Protein chains: 2
Amino acid sequence: MGKLERHATIADVAALAGVSVGTASKALNGRGSLREETRMRVREAARQLSFEANAGARSLHSGRTYTVGMITTDTIGRFSIPVLMGAEDALGAGEMSVFLCDGRDDPIREQYYVKTLLSRRVDGMIVTGRRTEARAPIGANLPVPVVYAFISSADPGDCSVVPDEAGGARKAVEHLLAVGRTRIAHITGPEHHNSARVRAAAATERLAEDGLSLVAPPLFGGWSEVWGRQAVGILLAGRTEFDAVFCGSDQIARGVCDALRAAGRRVPQDVALIGFDNWDVMTEACQPPLTSIDLDLEGLGRSAAQMLLAAINGSPSPGRHAHPCRLVVRESTVRESTTVPLP
Amino acid sequence: MGKLERHATIADVAALAGVSVGTASKALNGRGSLREETRMRVREAARQLSFEANAGARSLHSGRTYTVGMITTDTIGRFSIPVLMGAEDALGAGEMSVFLCDGRDDPIREQYYVKTLLSRRVDGMIVTGRRTEARAPIGANLPVPVVYAFISSADPGDCSVVPDEAGGARKAVEHLLAVGRTRIAHITGPEHHNSARVRAAAATERLAEDGLSLVAPPLFGGWSEVWGRQAVGILLAGRTEFDAVFCGSDQIARGVCDALRAAGRRVPQDVALIGFDNWDVMTEACQPPLTSIDLDLEGLGRSAAQMLLAAINGSPSPGRHAHPCRLVVRESTVRESTTVPLP
DNA sequence: ACCGTGACGGCAATCGTTTTCCTAGTTTCC
DNA sequence: GGAAACTAGGAAAACGATTGCCGTCACGGT
């Protein structure tokens, strides 16, 4: 058989079942009062023609498309994916389909997508992507609700869901304290990056609550392994003693780990090591496997989607919502890989 | 101002411009014969109401939705993303929007998505994802064209676009030969994985064409760094001399690199090293940076999308299409990072 | 003065579905 | 036996946009 020529319409179904179009509609949607026998006959006809109601025509009538747009501002990367997947999952459960739009960090392209999505009458939009700072709102007075996920909108009235990075950094420090370390160093990304500043500040603050401080000012650099290795050199040259390093990313941590080993320091016996992001590629390849802070991006995406659904149904949640991070303990902080309960 | 209450319809525009609905439509679409003054008046009214034509209503009339569905079978991963982005890019250029569906390797979910997409009257579908083997077609006698990207359909009549892995492996071997290596080892993923077998076979075959063979049978294992390190141990224990290693993945290559360095062998002086996938995270973190084979997944996605567009317009390209791989030379095979032209 | 001819725009059908109203039977009950 | 009360299903009006077909002007030519 070749491929089917044309989609069956409800008129085809009605004709085959020997009823009127309206009756067929009622039969398929369980509306109106029909004899069970009629209902079955229509259903059978629909099955036979593999009829699927035209969603476009349907939404023309209902005013809702059960569709949302997802715009990623930067090109889709390691961070956007889980957010995207979490959102897709939550929306799928609400019978919503997702339009994917890759903004590629181009405002023109982005505005084009907004217009396209509006013309497609999406019920709402999710904006995601990575940025060092909050981003300008995607549009003013849009006729549909918008939720910013991972990234946050510069307008505090907009609904943004972002990871609780400060909380994550505090958890990291608390874990190091819990395993008995007090001389902690911090190696992280570039200072102009908001995440780096926030995490460093939170770590410092948490230590201060226990009357402690970092053994040296935070080492700002890049997010890479290379920087991790370099930073260890700086740290060792400074002759400051340290028994733990809190890293701003797993890549940095891995570089740190390699450099420490090369310098003859054992992880975790001499130095406990904790990363950030819980990126499996790094945490698993690290020797030993790396303890890290998980941003729970998939959960964040899911949560953002749920807020969007709520907003669509008339209950918006304006403002900035911090999504909690999770500590994942591996062997770079404790000998056995048993989970250490937090205080 | 609060958010706009409702989307403007063409009737609103017509009323504001003082013309009939049909005239408004003609004015906005450049059809019919209208006075320039009228046209401007309508356009101005549309602008004022920020009118965007309802795409659903429009496609009801035209029969086309300018929409395609993209189904990823496994959960979206490192390989699917570039394919997805390439496709999205090519489709966007054709004014098409993309529905994203994450099949999560669940056939039920997948079938649900196919139904949903059909009810949304997509003009076509792209199926992507990673599998060890060809996959069962997503549906029989679908009323819209389907293109498989990266993954391939078990039905040889379906249009599949897949990387030319054999060609890539041959390029890798050719490069090693070109830089003067003849004692080549091959470390790769699990033997049950089709890619591992194909690449190993192609490498062997290419060597045979020069009257050579691998210094040892291919070492099948996993795709991980850990396996790369282990495999070097096996290789060294075997006392076979080798001056190059062709690895089945960049992760393996990185493990190999670390283990070689630990064993006192210099890369590339003693051993030239080439990976597969050209995954920036690995190639850049590797010391020295890793030469690799790029699958050009983004190009592959773009190409798949173009075939889909062609199929939608009535010119299908049935069958399996191999998308060429690219050699990317870095310092793990040549001292200077200058590009070496291929023979 | 009359007809022909463009130019301009309105009218209405159409796409596929849902939903409201209505009509024609069939019961039911007094 | 006849009116009321249901029941089953049909007819038609939406929903928003496009488009083919017509009517109505104004103008020019004979």
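In what follows, every chain begins at residue 1, and chains take the letters A, B, ... in the order their sequences are listed. Only a predicted model underlies this, so the values are computations on that prediction, with no experimental measurement involved.
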Requested in this report: May I have all residue pairs that pass side-chain hydrogen bond (donor to acceptor under 3.5 Å, both in side chains) and include part of residues 17-26 of chain A, sequence neighbours excluded?
Outcome: A:S20-A:T23, A:S25-A:N29
**Report entry** Any residue of residues 21-40 of chain B with a heavy atom less than 4.0 Å from an atom of DNA chain D
**Finding:** B:V21, B:G22, B:S25, B:K26, B:N29, B:R31
Requested in this report: Using salt bridge (Lys or Arg N to Asp or Glu O under 4.0 Å) as the criterion, list what pairs up with B:D296, not counting sequence neighbours.
Outcome: none
Contacts under 3.5 angstrom, residues 52-60 of chain B side chains, donor-acceptor by atom type, not counting sequence neighbours:
residue : atom : partner : partner atom : Å
B:N54   : OD1  : B:G56   : N            : 2.8
B:N54   : OD1  : B:A57   : N            : 3.1
B:S59   : OG   : B:A55   : O            : 3.1
B:S59   : OG   : B:G56   : O            : 3.0

Query - No-hydrogen, no-angle side-chain donor-acceptor test under 3.5 Å, A:R120 and B:S97 - result: yes
When the distance from [atom1] of [X] to [atom2] of [N] is rounded to whole Å, what number comes out?
{"X": "B:L49", "N": "D:dG16", "atom1": "CG", "atom2": "P", "value": "14 Å"}
{"X": "B:H61", "N": "D:dT18", "atom1": "NE2", "atom2": "C1'", "value": "4 Å"}
{"X": "A:R121", "N": "D:dA17", "atom1": "CZ", "atom2": "C1'", "value": "11 Å"}

Under a 4.0 Å threshold between the charged nitrogen and the carboxylate oxygen, would [Y] count as salt-bridged to [X]?
{"X": "B:E44", "Y": "B:R47", "answer": "yes"}
{"X": "B:E110", "Y": "B:R135", "answer": "yes"}
{"X": "A:E95", "Y": "A:R64", "answer": "no"}
{"X": "A:R104", "Y": "A:D102", "answer": "yes"}

Requested in this report: Test side chain to side chain contact (heavy atoms under 4.5 Å, CB included) on B:R35 and B:R39 and set out the steps.
Outcome: CA-CA 6 Å; B:R35 248 178 312 160; B:R39 229 177 260 284; over 6 Å; no
Report summary line: 5'-most contact on DNA chain C (nearest-nucleotide basis), B:L60 vs B:R41, goes to B:R41
Query - Heavy-atom contact window of chain B on DNA chain C, given 5' to 3' at under 4.0 Å - result: C:dC8 to C:dT17
**Report entry** Difference in axis direction between the ends of the helix from C:dA1-D:dT30 to C:dC30-D:dG1, five pairs, 10°
**Finding:** 70°
Query raised in the report: Is B:S160 reaching over with its side chain to a backbone N or O of B:R320, donor-acceptor style, under 3.5 angstrom?
Result: no
